[in-house]
Amino acid sequence: MGDDIVKLKLGPLPDDKPVKVTLDLPASLHRDLAAYAEILGREAGQSPADPVRLIVPMLERFIATDRGFAKARRQTTQTQNSQ
């Protein structure tokens, strides 16, 4: 990639207490997470993060940017508040 700056959807990972997560990932997804962690670390000038640490921020980002979910959540909240 040279000196090209890559625009990733995740920023630097917060330095917080790790949480143990147990789940089975397809090998291809784990490879993608490891590659993402490598690129994220390089772009942030840090060593690569543990790929498992990417799961929570990726899910948070996914949920935060899912317009359909946000709309459904607002509708659910409005329905609950009007009852």
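In what follows, every heavy atom counts, from backbone to side chain, and hydrogens, waters and symmetry copies are set aside. The first residue of the sequence shown is numbered 1, and numbering continues consecutively from there.
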**Study point:** Selection residues 55-79 - residue pairs positive for salt bridge (Lys or Arg N to Asp or Glu O under 4.0 Å), sequence neighbours left out
**Key:** none
Revision key, fill the gap. CD of E38 to CD of E43, rounded to nearest 0.5 Å, is 10.5 Å
Check your understanding: About how many Å separate CG of L29 and CG of D24, when rounded to the nearest 0.5 Å?
Key -> 11.5 Å
Check your understanding: Is there a path from F62 to F69 through hydrophobic residues (I, L, V, M, F, W, Y) whose side chains come within less than 4.5 Å of each other?
Key -> yes
Review point. Are L23 and I63 connected in the hydrophobic side-chain network, where two residues link if heavy atoms are under 4.5 Å apart?
Key: no
Exercise for review: For residues A34 and P51, report the shortest heavy-atom separation together with the two atoms involved.
Suggested key: CA-CG, 3.7 Å
Practice item. Determine the minimum heavy-atom distance between L33 and L54, stating which atoms define it. Key: O-CD1, 3.2 Å
Check your understanding: Do L40 and L25 share a hydrophobic cluster (ILVMFWY, side-chain heavy atoms under 4.5 Å, transitive)?
Key -> yes
